[in-house]
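This report concerns only the one structure given below.
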Amino acid sequence: MQDTASPVLTVPESRRLSVPGVSWFTGFARKKPIGAVALVVVVLLVLIAVFAPFIARYDPNFVFEEVNPDYKTSPTLAELAANPDIGSRLVVNGLEGPSWEHWFGTTRSGHDIYARVIHGSRLSLIVGLGASAIAVSLGLVVGVASGFYRGAFDIVSQRLVDALQAFPGLVLLLLLVQVSEPSVRNTVFAMGVIGVPTTTRIIRSSTLVVQSTDYIEAARAIGATNFRILFRHILPNIVSVVLIAFSIGIGAYIIFEATISFLGVGPRGVVSWGKMVNEGRANLELHPWLTVFAGSAIALVVIAFNFLGDAVRDVLDPRLRGT
Amino acid sequence: MAQYAIRRVVLNFFVLWLVATLVFLAIRVLPGNYATQQFAGLNLGGVTPEAIAQAERTLGLDKSIPEQYVEFMTDTITLDLGESFRTKQSVWSELGDALPYSLELGMLVVLVGFSVAIPVGVISAVKQDRLPDYALRGLAITALAAPVFWTASIAVIFVLKWDLFKIDVANQPHLWEDPKGAIQWYLIPMFAGGFASTASTMRLLRSELLEVLRQDYVRTARAKGLAERTVIIRHAMRNAFLPVLTVMGLTFATLISSQIVLESMFNIPGVGRMLFQSIFIRDYPLFQGLVIITTFVIVFTNLAVDLLYGFMDPRVRLS
């Protein structure tokens, strides 16, 4: 009784059971319904990638085999020529359509497509988040430095940016990936580096905008150091631009990785959706499943990241809405 | 204006020099060279170090990097881009073979892209925040999300399944030689590439048009009783279309060298595929030459578009 009488201690009814994340999410969902759906898809993707071994049902590299119905113990040469598998007791259970055992069917080499699609989410996620993070953080250093200090560094770095932007991105990536072995780490790093010119441009121009505002001049007038202006005034004001650049970039990097994997020069030794689309091309007419499922996975994930990026941009910077 | 143009031209040549140097170094950083790559492919066992050294000598690869660089630069300045290691043809004649294919595909892709993007962008802006706007913008993001190679593969599935038309990737006809055959060959790549390029153009046109539609002169046009159609087409579009034109020029310039995927998939012997292959066989002169030429096209298209812009829109001051 005493508790309810004291206004200081009462908790509003609506607040009583709220978990911070949930109330934030409902607010976000009301403002940006499509963005909220995209966020759910992205969270699901992260969960799928993390718990892939539990969801995939099979090992993605396990080769399914079945008893060979045509098996013969000592086939003649003519029989072998007609059917090379005739001498083996087991044959690869490849190019199966979707069934209860194999939800999405099997590949030519007898792998379960569902398991491979699930495991492929890991590479796409690592590549998308990793490359975008690298591009944005390097772009932040170069962009802020050239926007804030100007002078010779600005001129040189901006011409380099021009040169790199005039270069076809895919060609640059093919070059970078070939320099060393095409591992996941190298691919992510190379793609991040290729994104740097774009992020540098964006961050440099918003640094210039912030720098020409009155409060920077005021800060200078009261004798603030460069260091203080940079970290207390400029950086906090371009955080939204950095977050926007990061979230908008993710989808593009996922497509980028899928494209080089499709061309056969992507990271080796991992399951990649782009590579799967390419593998499926050989049997497109009779067995489109590999191409269809892997390609749909890429499209779905990229759509989710793009919509989420759009929503992030609208929320953080309403002036850019719809651009 | 003239001063601005001159400064930009000088700057462009500086950028070209940077690109040429980067390209020269980058392709040499890759492990192996044309000679070793060729012998590695043969894997005959009888390949002696002497044979490789001999091959390197004939290609001029035994010289030091600075020597090669000086030679490359002096040749490039005199517009001599050298001969392809593989075909022994000059890079210019290799380009002459590949460029028409890339131009054809590029033109068709731009044609499809813009004939979809322009009406969609206009409708989306006019019906802002209503159902058609959401639906069309959703479609644009979806088009942006689907990788080109996937849309093209799906299209191939349907064409094969329903036997719509014959996709002949062996003949490689030009549009002017065999229009029907060429169109059948280009049909899927041009739509797959076109849709992928739609999204950004459509979004740009929409935001430009929204900006323009808010201006006073548009209100005046409406107030004097002009039909909405006239207001949009005659008054608003004129100003909103300029930035779109800019993008159009640039898209076309980059398309020439960036269609690696579509050219590989459909066996189109264009510039993109040639670039891609030249990296793998370490054909230094071909790779360097192609990148320098395509970069030249891109930076000068950029300049032309900017100058044109200042010319067509008096509000834009070039400096």
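The chains referred to below are lettered A, B, ... by the order of the sequence lines, with proteins before strands, and numbering in each begins at 1.
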Which heavy atom of B/Leu30 sits nearest to which heavy atom of A/Leu175, and what is that distance?
CD2-O, 3.3 Å
Check the pair A/Leu170 / B/Gln259 against side-chain contact (heavy atoms from CB on, under 4.5 Å), numbers first and verdict last.
CA-CA 9 Å; A/Leu170 199 51; B/Gln259 300 287 36; over 6 Å; no
Is B/Ser153 in contact with chain A via its backbone, its side chain, both, or neither, using a 4.5 Å heavy-atom distance?
both
Do you know which of B/Leu22, B/Ile260, B/Ile298, B/Asn302 has the most heavy-atom pairs under 4.5 Å to chain A?
B/Ile260
If you count heavy atoms of other groups shown closer than 6.0 angstrom to CZ of A/Phe189, is the number above 12?
no
Does B/Val156 reach the side chain of A/Arg281, with side-chain heavy atoms less than 4.5 Å apart?
no
Non-hydrogen atoms of chain B under 4.5 Å away: do they reach the side chain of A/Val265, the backbone, both or neither?
side chain
What part of B/Phe287 lies closer than 4.5 angstrom to a heavy atom of chain A: side chain, backbone, both or neither?
side chain
Counting only heavy atoms closer than 4.5 Å, note whether B/Arg282 contacts chain A via side chain, backbone, both or neither.
side chain
So, taking the atom named CG in B/Leu11 and the one named CD in A/Gln158, what distance separates them when rounded to the nearest 0.5 Å?
11.0 Å
Heavy atoms of B/Ala146 and A/Ala299 approach each other most closely as CA-CB, 4.3 Å
Option that, when pairs with chain B are counted at under 4.5 Å, heavy atom only, ranks first among A/Ala258, A/Ala252, A/Gly251
A/Ala258
Counting only heavy atoms not in B/Phe280, do more than 12 fall under 6.0 Å of its CZ?
yes
If one checks every heavy atom of A/Leu164 against chain B at 4.5 Å, the contacting part turns out to be side chain
Select, from B/Met265, B/Lys161, B/Glu208, the one with the greatest count of heavy-atom pairs under 4.5 Å involving chain A.
B/Met265
Which answer fits A/Val292, side chain, backbone, both or neither, if we ask what part of it has an atom under 4.5 Å from a heavy atom of chain B?
both
Quick one: are A/Ile298 and B/Trp150 in side-chain contact, heavy atoms under 4.5 Å?
no
Please give me the minimum heavy-atom distance between B/Gly138 and A/Phe307, naming the atom from each residue.
CA-CZ, 4.0 Å
